Every structure is written in structure tokens, then in C-alpha cells.
Chemist: 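I'd like to ask you about the structure that follows.
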Protein chains: 2
Amino acid sequence: MAATRTTEREPLSRDRVLAAAAALADAEGLPAVTMRRLAADLGVEAMSLYHHLPGKGGLLDGLVETVIVEIEAELARSRPATEDTDGTDGTDWRDDVRRRCLSARTVMVRHPWAPGLISSRPTIPPAAYGYYEALLGSMIRGGLTYHLGHRALHSLGSMALGFAQEVFSPADSGGDLDPEAAEAEFAALAEVLPYMAAMAAAEMHDADDPTLGWCDSQSEFEFTLDLILDGLARANESPTQAR
Amino acid sequence: MAATRTTEREPLSRDRVLAAAAALADAEGLPAVTMRRLAADLGVEAMSLYHHLPGKGGLLDGLVETVIVEIEAELARSRPATEDTDGTDGTDWRDDVRRRCLSARTVMVRHPWAPGLISSRPTIPPAAYGYYEALLGSMIRGGLTYHLGHRALHSLGSMALGFAQEVFSPADSGGDLDPEAAEAEFAALAEVLPYMAAMAAAEMHDADDPTLGWCDSQSEFEFTLDLILDGLARANESPTQAR
DNA sequence: ACCTGAACACCGTTCAAGT
DNA sequence: ACCTGAACACCGTTCAAGT
């Protein structure tokens with residue numbers, strides 16, 4: 001009842017499974033999405049799903065992926081369809097960041113289970129990195145320093161993807177693997193996420209202890225907190241609280 | 001190994017169960033906290049727990065409760081031990097709100113599972129209401145309007161309890177129960193949460209459709225987003241980015 | 001009153017077997 | 001290649017029984 005069963009014998013695919021899972025989560029909440037129930041909705045046995053997905057974890061990662069794809073589709077819809085490259089043109093960073101966050105919110109309202117799911121995943125899905133790369137890119141091109149861009153990513157936290165979590169846990173920046181492997185991984189990352197890599201490099205250069213201290217989450221927290229408190233205090237003084 | 005087994009036969013109590021659950025979550029993560037495993041840590045059978053807690057949900061609610069108690073303890077520790085009533089004195093609202101959020105963060109760092117747990121609970125734990133009431137109270141006494149106080153609660157969202165969720169879902173303000181029961185509930189709420197009740201009343205009075213529109217989460221979202229974007233733009237212009 | 005054992009209806013997942 | 005049935009090791013919870 002929850003998922004549209006389409007015909008009766010469509011050959012099952014990763015996309016079809018993910019679509020059914022999203023529909024089920026929309027209709028009955030994420031806890032209802034079990035391998036057995038999902039299979040039943042698809043008119044198939046639970047174990048069949050394992051031919052298209054690596055398991056429950058892979059299913060949840062796939063759900064996150066589809067959510068991010070939806071955000072990007074929403075963003076494209078909200079944008080004048082003129083330019084097709086990533087605009088280094090006159091669009092200012094505030095507009096772009098704002099539109100991205102509003103697109104994310106539109107999708108999160110559509111799928112209320114998404115923020116919780118994203119924040120509960122033990123690993124950050126690769127698609128999310130691309131999303132943050134785009135966000136950072138438009139700020140850097142807009143003239144922000146990497147330092148401020150970094151703080152901005154933290155501050156925007158829950159606005160950008162509906163969850164407030166450290167984007168980079170310390171372990172992510174190559175702490176517990178041997179140096180050469182870490183460097184290779186970083187180089188590979190730099191190719192697909194140039195802005196993120198440049199940001200990490202710039203911040204590591206400035207930090208007292210590059211390997212540990214490049215992202216001081218306590219001061220990021222206080223920066224965001226004061227940003228909000230400053231804004232509230234300003235709103236309190238000026239009577240321009242246009243309802 | 002995860003929980004301190006203290007002696008061998010201490011008579012088990014709600015508090016002892018909750019403490020063991022928190023210790024287990026700290027040591028091995030929230031997924032490790034199952035009724036059976038928790039009972040084993042306590043040297044008891046799973047079903048014994050039901051004599052002290054109403055079930056798994058009650059256990060999780062209890063965990064949230066202990067986290068909020070810890071935040072309040074942390075707050076007391078961070079505050080000069082002079083005044084013991086809630087200070088209507090010269091302390092300004094920014095200091096108070098800031099200290100509350102920093103206390104919350106201290107506790108969240110200690111219990112990384114807490115933000116996810118709080119945001120995953122289907123119902124907002126009563127203790128959290130008290131926390132928000134205190135937050136709102138110090139802002140109102142500091143001179144903020146109820147409207148701005150309301151927005152502030154939304155904006156502070158994840159800073160205040162580590163999660164970014166609507167504090168009041170529409171259902172909470174008595175939508176689906178009959179009017180007289182809703183009014184009685186509201187009166188009961190007003191007694192223990194006067195600031196929150198006054199805020200809801202003030203906002204309902206201004207709204208176009210009081211029953212539905214008193215909390216427009218879309219405009220709250222945009223307010224917070226613009227608050228952050230304004231702050232970032234300002235930080236970008238002034239070179240006072242004191243590292 | 002507090003604790004227990006067996007049982008029930010669920011999970012995710014493995015594995016050998018079908019087609 | 002894709003799907004399946006039976007089985008395994010887990011869940012939370014009920015219920016009658018112990019002390």
C-alpha cells in the first residue's frame with residue numbers, strides 16, 4: 001500500500017528498490033523501512049534485495065544519495081536556466097548559498113526522515129561532499145577567505161543539509177593511516193574536491209598543530225554562537241522586525 | 001566491561017539502570033544499548049529492567065532526561081555561585097544564553113550520542129521544555145519581544161541542545177484534540193512554562209490563522225539563514241577575523 | 001515487591017539450493 | 001544472472017511462574 005507496486009513483474013533494480021524505500025519512509029516513517037517489509041512492498045523476498053544492494057547500510061546510504069540528488073534537482077529548478085557551467089559570473093555568493101539551503105529545506109520538508117538519517121549515518125556519503133564542495137566553491141569565488149569559508153560551512157551546518165554535525169571528524173583527515181597512504185588519499189580527494197582540499201591545506205598551514213588542530217570545533221562552535229547572538233542583538237535594537 | 005558493575009548485588013533502580021545505559025552508550029555507542037545487553041552489564045536478566053522502566057522508549061527518554069540534568073549541572077558549575085534564584089538582576093541575556101549553549105556543548109561532547117538521540121525521540125522530553133523555558137525567560141527579561149524570542153529559539157536550535165528540529169510541531173499546540181481539552185492542557189502548561197505560554201499566546205494573536213499559522217517554520221528558517229548570511233558577510237568585510 | 005524462564009513476533013544476514 | 005527457503009543470531013516484549 002505504501003509503495004506504488006507499478007506493474008507486477010518489473011525486473012527490480014537498485015533504483016527501484018531505493019524509490020520504494022523512500023516511498024515507504026515517506027508513508028510510514030524510517031523505522032518501517034526493514035529489509036523484509038521493503039521486499040514485501042516490492043512483491044519479492046527479502047533476500048532478493050541483496051542482489052542489488054550490499055545490505056541495510058548500503059540501502060540507507062542509497063537513500064541519502066537520492067535525497068542529495070533531489071536537492072540538486074530542486075536547485076536546478078529554482079535557478080534561471082541560462083548558464084550551465086558553475087557560474088563564475090556576476091552571481092554573488094549569498095544568493096547561491098541561500099538558494100542551495102532553501103532547496104535543501106524544500107527536500108527535507110518532503111522527506112522528514114532525511115535529516116535524522118543523514119546525521120545517523122556513520123560515514124559521510126560521498127554525494128554530501130560534492131554538495132559542500134559546491135557551497136564552499138561559491139563562497140571562495142565570491143571572495144571569502146578559506147578560513148571564513150571553513151567557518152561558514154560549520155555555521156551553515158543544519159541549514160545546508162538539515163543536520164548539525166561535524167563535517168570533518170578528525171579521523172577523516174588521515175590520522176590513523178600511515179603518512180604516504182594519507183597523502184595519496186588527500187591527492188585523490190583534491191582532484192574531485194579542489195576547494196575542500198585547498199581549504200584544508202590553508203587551515204592546516206595556519207594551525208599550531210597541523211595534524212590535530214586544523215579544525216578546532218570548539219572555536220567553530222563559539223564563532224557560530226556569537227554570529228547568531230550578534231544578529232539577534234542587532235535585530236533587537238533595530239525595530240525592523242518586519243513580520 | 002562497559003559499565004562499572006559497582007558491587008555485586010545493589011538493588012537496581014531506575015537511576016542505576018540509566019547510569020549504566022549512559023556508560024554503555026559512551027563506551028560502545030547507542031546501538032549497543034539493548035535491553036538484553038544493558039541487563040547483562042547490570043548482572044541481571046533483561047526482563048528485570050521492566051520493573052524500573054516502562055520499556056525501551058522509557059529508557060531512551062530517561063537517557064535524554066539525564067543529559068539535560070547534566071547540562072544544568074554544568075551550567076551551575078560555570079556560574080558564579082552567588083545568586084540562587086533565577087537572576088532577574090543585571091546579568092544580560094546574551095551572557096546567559098551563551099553560557100547555557102556552551103554548557104550544553106560540553107555535555108554533548110561528553111556524550112556524542114546525545115544530539116542524535118534527542119532528535120530521534122518521537123516526543124520532546126518534558127525536561128527539554130524546562131530548558132527552553134529558561135532560555136526564553138532570560139531573553140524576555142533581557143528586553144526581547146516574544147516575537148524575536150521565538151525566532152531566537154529557532155535560530156539557536158542546534159546550539160542549544162545539539163539538534164536542529166522544530167521545537168513545536170503543529171500537533172503540539174492542541175490541533176487534534178477537542179477545544180476544551182486543548183485549553184485545559186494549555187492552562188496547565190502555562191503554569192509551569194509561563195514564558196513559553198506567553199510567547200505562544202502573543203504569536204497566535206498576531207498570526208493570520210491562529211490555530212495553524214502561529215509558527216511559520218519556513219519564515220523562521222529564512223530568518224535564521226539570513227541571520228547567518230548577514231553575519232558572514234559582515235565578517236567578510238571587516239578584517240577582524242581574530243583567529 | 002522484585003526477579004526470572006520460556007515463548008512470541010519481529011530483525012538483518014548467510015548459505016545452499018533452485019531456475 | 002537473479003531469486004528463494006530454511007536457518008542463525010539477534011531484537012523488544014508478554015506472561016505465568018517463582019521467591
Side-chain angles (χ1 to χ4, degrees), chain A residues 1-3 5-22 24-25 27-65 113 116-117 120-123 125, chain B residues 1-3 5-22 24-25 27-65 113 116-117 120-123 125:
Chain A
M1 203 67 214
R5 195 168 299 190
T6 56
T7 70
E8 193 56 76
R9 240 333 71 143
E10 203 166 340
L12 207 57
S13 66
R14 189 182 124 99
D15 281 350
R16 232 160 72 74
V17 173
L18 290 179
L24 178 54
E28 304 186 28
L30 200 57
V33 181
T34 69
M35 299 298 273
R36 289 169 138 106
R37 169 62 194 278
L38 179 56
D41 277 10
L42 286 160
V44 93
E45 227 59 30
M47 311 75 204
S48 305
L49 303 178
Y50 287 79
H51 290 271
H52 302 97
L53 288 161
K56 181 74 182 281
L59 172 69
L60 297 179
D61 286 337
L63 273 179
V64 172
E65 205 184 304
W113 43 267
L117 171 62
S120 76
R121 231 63 282 284
T123 180
Chain B
M1 202 72 212
R5 194 168 299 188
T6 57
T7 70
E8 191 57 73
R9 245 322 79 138
E10 205 166 339
L12 205 59
S13 67
R14 188 183 126 99
D15 281 349
R16 232 160 73 71
V17 173
L18 290 178
L24 178 55
E28 304 185 27
L30 201 57
V33 181
T34 69
M35 299 299 272
R36 290 169 137 106
R37 170 62 195 278
L38 179 56
D41 276 10
L42 285 161
V44 93
E45 228 59 31
M47 310 76 203
S48 305
L49 303 178
Y50 287 80
H51 290 271
H52 304 278
L53 288 160
K56 182 73 181 284
L59 172 68
L60 297 178
D61 286 337
L63 274 179
V64 172
E65 202 184 305
W113 43 267
L117 171 62
S120 76
R121 237 49 294 279
T123 179

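Residue numbering restarts at 1 for every chain, and letters A, B, ... go by the order of the sequence lines. Being a predicted model, the structure only gives us computed values, none of them experimental.
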Chemist: For residues 50-61 of chain B, pull every pair meeting side-chain hydrogen bond (donor to acceptor under 3.5 Å, both in side chains), keeping only residues two or more places apart or in separate chains.
Modeler: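 Non-adjacent pairs meeting side-chain hydrogen bond (donor to acceptor under 3.5 Å, both in side chains): B:Asp61-B:Arg121.
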Chemist: How would nucleotides 12-19 of chain C be written as a contact map, 5' to 3', with B for base contact, S for sugar-phosphate-only contact and - for no contact, using protein heavy atoms under 4.0 Å?
Modeler: BBB-----
Chemist: Would you mind reading off the distance between B:Arg14 atom CZ and C:dC2 atom P, rounded to a whole angstrom?
Modeler: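 Distance, rounded to whole Å: 15 Å.
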Chemist: In Å, rounded to the nearest 0.5 Å, how long is the span from OG1 of B:Thr34 to CG of B:Leu24?
Modeler: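 Atom-to-atom, B:Thr34:OG1 and B:Leu24:CG are 7.5 Å apart.
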Chemist: Before you tell me yes or no, could you show the steps for B:Trp113 and B:Val33 under side chain to side chain contact (heavy atoms under 4.5 Å, CB included), namely the whole-Å CA-CA distance, both residues' side-chain angles and the distance that decides it to 0.1 Å?
Modeler: CA-CA 11 Å; B:Trp113 43 267; B:Val33 181; over 6 Å; no
Chemist: So, OP1 or OP2 of D:dC2: does either fall under 4.0 Å of a side-chain N or O from A:Ser48?
Modeler: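 So the side-chain polar atoms of A:Ser48 never come under 4.0 Å of the phosphate oxygens OP1 or OP2 of D:dC2.
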Chemist: Whole Å only: how far is the CG atom of A:Leu42 from the P atom of D:dC2?
Modeler: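 Computing the A:Leu42:CG to D:dC2:P distance gives 16 Å.
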Chemist: So how far is it from A:Ser48 OG to A:Leu42 CG, rounded to the nearest 0.5 Å?
Modeler: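 Here the interatomic distance stands at 9.5 Å.
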Chemist: Please list, chain by chain and in numerical order, all residues satisfying side-chain hydrogen bond (donor to acceptor under 3.5 Å, both in side chains) with A:Arg36, sequence neighbours excluded.
Modeler: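 With sequence neighbours excluded, A:Arg36 shows a side-chain hydrogen bond (donor to acceptor under 3.5 Å, both in side chains) to no residue whatsoever.
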Chemist: Which dot-bracket notation, 5' to 3', represents the base pairing of DNA chain C when pairs are defined as Watson-Crick or G-U with both distances under 3.5 Å, crossing pairs as [ ], and inter-strand pairs as |?
Modeler: ||.|||||...|||||.|.
Chemist: Rounded at 0.5 Å granularity, tell me how far OG in B:Ser13 sits from CG in B:Leu18.
Modeler: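 Going from the OG atom of B:Ser13 to the CG atom of B:Leu18 covers 8.5 Å.
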Chemist: Separation of A:Leu49 atom CG from D:dT4 atom C1', in whole Å?
Modeler: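 After rounding, the gap between these two atoms is 12 Å.
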Chemist: What residues, two or more places apart in sequence or in another chain, satisfy salt bridge (Lys or Arg N to Asp or Glu O under 4.0 Å) together with B:Glu65?
Modeler: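 Applying salt bridge (Lys or Arg N to Asp or Glu O under 4.0 Å) to B:Glu65 gives B:Arg14.
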Chemist: Over how many whole Å does the gap from B:His51 atom NE2 to C:dC2 atom P extend?
Modeler: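 So the NE2-P distance, B:His51 to C:dC2, works out to 9 Å.
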Chemist: May I have the distance from A:Leu38 (atom CG) to C:dC10 (atom P), rounded to whole angstrom?
Modeler: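 Between P of C:dC10 and CG of A:Leu38: 17 Å.
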Chemist: Work out which heavy atom in A:Pro54 is nearest to a heavy atom in A:Gly58; give both atom names and the distance.
Modeler: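 Minimum heavy-atom separation between A:Pro54 and A:Gly58: CG-CA, 3.8 Å.
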Chemist: Specify the separation, in whole Å, of atom CZ of A:Arg16 and atom P of D:dC2.
Modeler: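 From A:Arg16 CZ to D:dC2 P: 14 Å.
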